[in-house]
Number of protein chains: 2
Amino acid sequence: MKLVQIYACLCDPTRLRLLHVLAQGPLCVCHFQETLNEPQVKISKHLAYLRERGLVEVERAGNWMVYALPARPSRELKANLACLQDCAQEDPVFKRDLSRLKKLAPKFAETSPCGCS
Amino acid sequence: MKLVQIYACLCDPTRLRLLHVLAQGPLCVCHFQETLNEPQVKISKHLAYLRERGLVEVERAGNWMVYALPARPSRELKANLACLQDCAQEDPVFKRDLSRLKKLAPKFAETSPCGCS
DNA sequence: GAACTATATTCCTTTATGGGTATATAGAAC
DNA sequence: GTTCTATATACCCATAAAGGAATATAGTTC
């Protein structure tokens with residue numbers, strides 16, 4: 001059952017935050033790091049977990065690894081990502097991540113040659 | 001984050017099947033057993049897991065424990081249960097459970113004094 | 001090639017989980 | 001109270017996962 005794989009990806013707070021932020025657009029690891037304020041290993045390992053299960057896609061851009069939501073998500077994935085976005089609206093952690101991302105966006109845009117946000 | 005708790009409940013195939021079948025109406029343990037064709041311990045333990053996290057409610061009816069979806073589910077739970085029902089439509093396992101439930105329903109109704117379907 | 005940067009992987013420890021077997025509990029029936 | 005039924009719990013084992021520290025890798029720059 002593929003659904004279970006999806007839910008397994010969703011049952012960790014860090015991964016939820018990664019996916020939630022990703023809905024705003026592709027992002028590289030170091031930008032995740034700053035946005036979520038979590039150590040590199042943690043981010044990188046959870047992204048690997050999501051990648052192995054097809055919840056995110058990666059593309060290299062020089063030294064940067066740019067992660068994004070799948071271009072052609074399955075029906076189940078699309079439904080659950082939408083549900084997550086919906087549920088995340090009220091949660092303080094998600095809101096904080098989002099506002100931090102918005103604040104950092106201009107800095108990200110100028111300092112990094114990677115194509116993300 | 002309460003959401004994580006919900007997803008933790010959803011990331012096991014047996015629990016998904018329990019919740020999916022429960023959407024049809026309350027059910028007692030032995031009827032779950034027959035419907036999913038799984039051993040009693042397995043059913044009982046997963047129901048306990050769901051109960052501890054508020055995904056199901058229980059009521060005793062004589063010897064039977066009748067499980068049901070929460071009468072007043074949170075916003076997040078309602079959204080995710082709806083999403084599950086939506087995603088389950090195509091899956092063979094879920095479909096099999098449902099057809100087995102429909103076939104057994106009359107038998108359940110006559111043989112058991114418990115109030116479930 | 002050497003140094004640097006961004007990211008991934010390895011190793012370790014701790015904790016959670018799933019499944020099974022056996023046993024306990026609570027209520028019903030006698 | 002005894003027996004039966006339905007369900008829950010305890011115990012054990014194997015596996016997975018999360019987190020951190022240290023190290024490896026790949027690409028860039030000089």
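Both backbone and side-chain heavy atoms feed into the values below; hydrogens, waters and symmetry mates do not. By convention in this document, chain letters (A, B, ...) are assigned in the order of the sequence lines, proteins followed by strands, and residues within each chain are numbered from 1.
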How close or far is atom [atom2] of [N] from atom [atom1] of [X], stated in whole angstroms?
{"X": "Leu47(A)", "N": "dT9(C)", "atom1": "CG", "atom2": "C1'", "value": "14 Å"}
{"X": "His31(A)", "N": "dT5(C)", "atom1": "NE2", "atom2": "C1'", "value": "13 Å"}
{"X": "Tyr7(B)", "N": "dT17(C)", "atom1": "OH", "atom2": "P", "value": "18 Å"}
{"X": "Ile43(B)", "N": "dG18(C)", "atom1": "CD1", "atom2": "P", "value": "13 Å"}
{"X": "Met65(B)", "N": "dG27(C)", "atom1": "CE", "atom2": "C1'", "value": "11 Å"}
{"X": "Glu59(B)", "N": "dA26(C)", "atom1": "CD", "atom2": "P", "value": "19 Å"}

Is a salt bridge present between [X] and [Y], judged by a nitrogen-to-oxygen distance below 4.0 Å?
{"X": "Glu38(A)", "Y": "Arg17(A)", "answer": "yes"}
{"X": "Glu34(B)", "Y": "Lys107(B)", "answer": "yes"}
{"X": "Lys95(B)", "Y": "Glu90(B)", "answer": "no"}
{"X": "Asp91(A)", "Y": "Lys2(B)", "answer": "no"}

Picking from [options], which would you name as closest to the side chain of [X]?
{"X": "Arg15(A)", "options": "dG19(D), dT9(D), dA18(D)", "result": "dA18(D)"}
{"X": "Lys45(A)", "options": "dT7(D), dA8(C), dG19(D)", "result": "dG19(D)"}
{"X": "Lys42(B)", "options": "dG19(D), dA8(D), dG19(C)", "result": "dG19(C)"}
{"X": "Arg53(A)", "options": "dG19(C), dT7(C), dA17(D)", "result": "dA17(D)"}

_It should be established whether Ser44(B) places a side-chain nitrogen or oxygen under 4.0 Å from OP1 or OP2 of nucleotide dA8(D)._
yes
*Distance below 4.0 Å between His46(A) side-chain N/O and dG19(D) OP1 or OP2*: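 Affirmative; the distance criterion is met.
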*Hey, can you pull the residues of residues 33-41 of chain A with a non-hydrogen atom under 4.0 angstrom from DNA chain D?*
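By residue number: Pro39(A), Val41(A).
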*Touch check for Tyr67(B), heavy atoms < 4.0 angstrom, all strands: base, sugar-phosphate only, or nothing?*
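It contacts sugar-phosphate atoms only.
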_Parallel, tilted or perpendicular, as decided by the 30° and 60° cut-offs, for the rings of His31(A) and Phe108(A)_ =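 Judged by the thresholds at 30° and 60°, the geometry between Phe108(A) and His31(A) is parallel.
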*Side-chain donor/acceptor of Arg100(A) to backbone N/O of Asn37(A), under 3.5 Å*: no
*Identify, between Ala48(B) and Tyr49(A), the residue whose nearest nucleotide on DNA chain D lies closer to the 5' end.*
Ala48(B)
*Sugar-phosphate or base contact per nucleotide [nucleotides 24-30 of chain D; S, B, -; heavy atom under 4.0 Å]*: --BBS--
*Pairwise side-chain contact, Phe32(A) with Leu47(A), heavy-atom cut-off 4.5 Å (strictly under)*: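 Yes, at least one pair of side-chain atoms sits under 4.5 Å.
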*Do Leu101(A) and Gln24(A) have side-chain heavy atoms sitting under 4.5 Å apart?*
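They are in side-chain contact.
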*asked:* Could you tell me if Arg51(A) sits above the aromatic ring of Tyr49(A), with its cationic atom closer than 6.0 Å to the ring centre and no more than 45 degrees from the axis?
replied: no
